[in-house]
Amino acid sequence: MRDPLSALTDAFTSFLFGKVETTRLPVRTSTGQAQAVYLPTAAPGLGDSGVIIGREVYSGKGYIYDPFQLYGQQLPAPHWLVLGESGNGKSALEKTYVLRQLRFKDRQVVVLDAQGEDGVGEWNLIAQELGITPIRLDPTAALNGGIRLNPLDPSITTTGQLALLRTIIEVAMGHGLDERSGFALKVAHAYVNETIIDRQPVLTDIVEQLRHPEPESAEAMNVDLDDVRAWGLDVALVLDRLVDGDLRGMFDGPTTVGIDLDAPLIVFDLSHIDRNSIAMPILMAIVGVWLEHTWIRPDRKKRIFLVEEAWHIINSPFVAQLFQRLLKFGRRLGLSFVAVVHHLSDVVDGAAAREAAAILKMASTRTIYAQKADEARATGRVLGLPRWAVEIIPTLTPGIAVWDVNGNVQVVKHLITEAERPLVFTDRAMTETSADMLSDDLRAAELEAEQRAAFIEQQMSGSSSESTVA
């Protein structure tokens with residue numbers, strides 16, 4: 001309550017000079033009417049040039065992303081990390097992204113397909129739709145005229161061949177080559193390349209030379225021939241696995257004729273390989289170097305290298321180092337590396353933590369689908385996500401993800417066209433329904449996702465059905 005003196009003073013002032021202040025009563029109105037007074041605002045997007053992903057949950061704007069358009073302006077590197085639990089939409093995002101990128105004539109994509117169903121990789125339908133035959137690496141099929149990739153293919157430089165051989169051996173042994181073993185491998189490789197000129201050298205030639213080194217190899221270093229043979233024995237045993245072991249047939253012969261490296265999409269089907277065996281990182285190493293020397297070329301094409309189950313790469317120090325070099329080299333020639341990982345802890349707590357950190361640092365784009373709360377907090381710490389983003393990650397529904405494009409953080413709902421659905425949803429539950437209609441469960445899930453997105457938007461903006469405007 002005002003004191004009597006102030007009230008008397010205000011009354012006297014009003015009598016002399018008139019009323020100087022207008023009192024307005026509050027007006028109750030709805031948010032639909034009040035939006036004309038408080039104009040909506042939204043964070044700036046990534047531009048309007050590139051591939052459409054979907055729409056931003058909070059603003060409703062279309063979300064367009066293209067690392068080649070953004071590189072050098074908003075992105076220091078074109079590489080991309082995709083994280084999240086299974087069943088939340090990572091696979092659908094990858095496939096639609098590739099299909100949309102391939103509409104540009106200067107795009108080319110290589111996919112390492114580690115997932116599979118009914119004896120084929122999950123990218124098989126997309127490959128068929130585009131008239132592409134996947135490169136199916138299968139030890140059983142390789143023995144009957146299947147696909148072969150030769151680590152000693154003449155299209156790979158001599159230096160690249162030796163680096164690849166070392167990586168294969170180090171991955172299989174679990175430690176680096178010592179100087180003596182490295183010397184035995186080097187002289188065997190040099191001798192094979194110098195003496196075999198009428199055909200492609202193959203791994204069998206290296207193994208044979210390691211078992212029976214030439215006297216010149218010992219004389220060059222003034223050591224005994226038996227010593228050189230002993231130094232190369234472990235190396236020969238490891239390479240013998242590719243020749244006569246569980247990986248035989250895929251790498252112990254000339255490269256299969258007819259592999260089209262100019263096709264818009266190249267799919268390496270690894271679904272027949274045990275993902276938890278040592279075979280997977282060995283395959284990754286061979287395919288990585290083979291692509292580096294045969295696929296990446298200075299021809300102004302923009303290339304995308306998409307690797308599923310990428311923790312097989314980053315979890316091996318030797319393979320991680322190889323791919324780290326590939327990323328650095330490929331950036332100059334227009335290569336965007338896309339790594340798909342279920343859990344960040346798979347790599348940051350693994351044997352190659354240092355190499356993993358270097359690769360993660362190169363990924364300027366990070367897309368995070370739903371994770372458990374503990375995993376989300378760990379992911380947020382490693383990637384430096386804002387607190388609000390970390391808090392909503394566990395609440396995200398399938399198809400919605402947090403996108404962090406070099407610090408520009410948005411919540412994005414991925415949109416899929418009717419034409420893409422039969423190619424994207426390739427699990428058994430979908431293939432058993434009719435091709436031209438979505439299942440009731442899928443429709444219910446989409447409706448739930450939209451309702452959840454609306455709820456999150458409302459909570460973040462703090463809006464209500466009514467507001468008071470003074």
Please check this pair: side chain of [X] against backbone of [Y], looking for a donor-acceptor N/O pair closer than 3.5 Å.
X: Glu420; Y: Ala92; result: no
X: Thr255; Y: Asn150; result: yes
X: Ser336; Y: Pro78; result: yes
X: Asp178; Y: Ser181; result: yes

Distance-minimising heavy-atom pair for Gln209 and Val192: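 Looking at all heavy atoms of both residues, the shortest contact is CB-CG2, 4.2 Å.
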Within 6.0 Å of CD in Gln128, more than 12 heavy atoms from elsewhere: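 Buried by this count: over 12 neighbours within 6.0 Å.
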More than 12 heavy atoms from other groups under 6.0 Å of NZ on Lys301: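 Counting other residues, nucleotides and ligands, NZ of Lys301 exceeds 12 neighbours.
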Cationic N near anionic O, under 4.0 Å, [X] to [Y]:
X: Asp240; Y: Arg211; result: yes
X: Asp234; Y: Arg180; result: no
X: Glu85; Y: Lys372; result: yes

Whether His79 and Phe337 hold their rings parallel, tilted or perpendicular, with breakpoints at 30° and 60°: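 Plane angle over 60°, so perpendicular.
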Rounded distance [0.5 Å steps], CG in Asp252 versus CG in Leu239: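 It is 11.0 Å, given to the nearest 0.5 Å.
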Test of ring centre spacing under 6.0 Å for Tyr97 and Trp80: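 Aromatic pair counts; centres sit under 6.0 Å.
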Between Gln101 and Asp66, a side-chain donor and acceptor under 3.5 Å: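 Judged by distance alone, the side chains do pair up.
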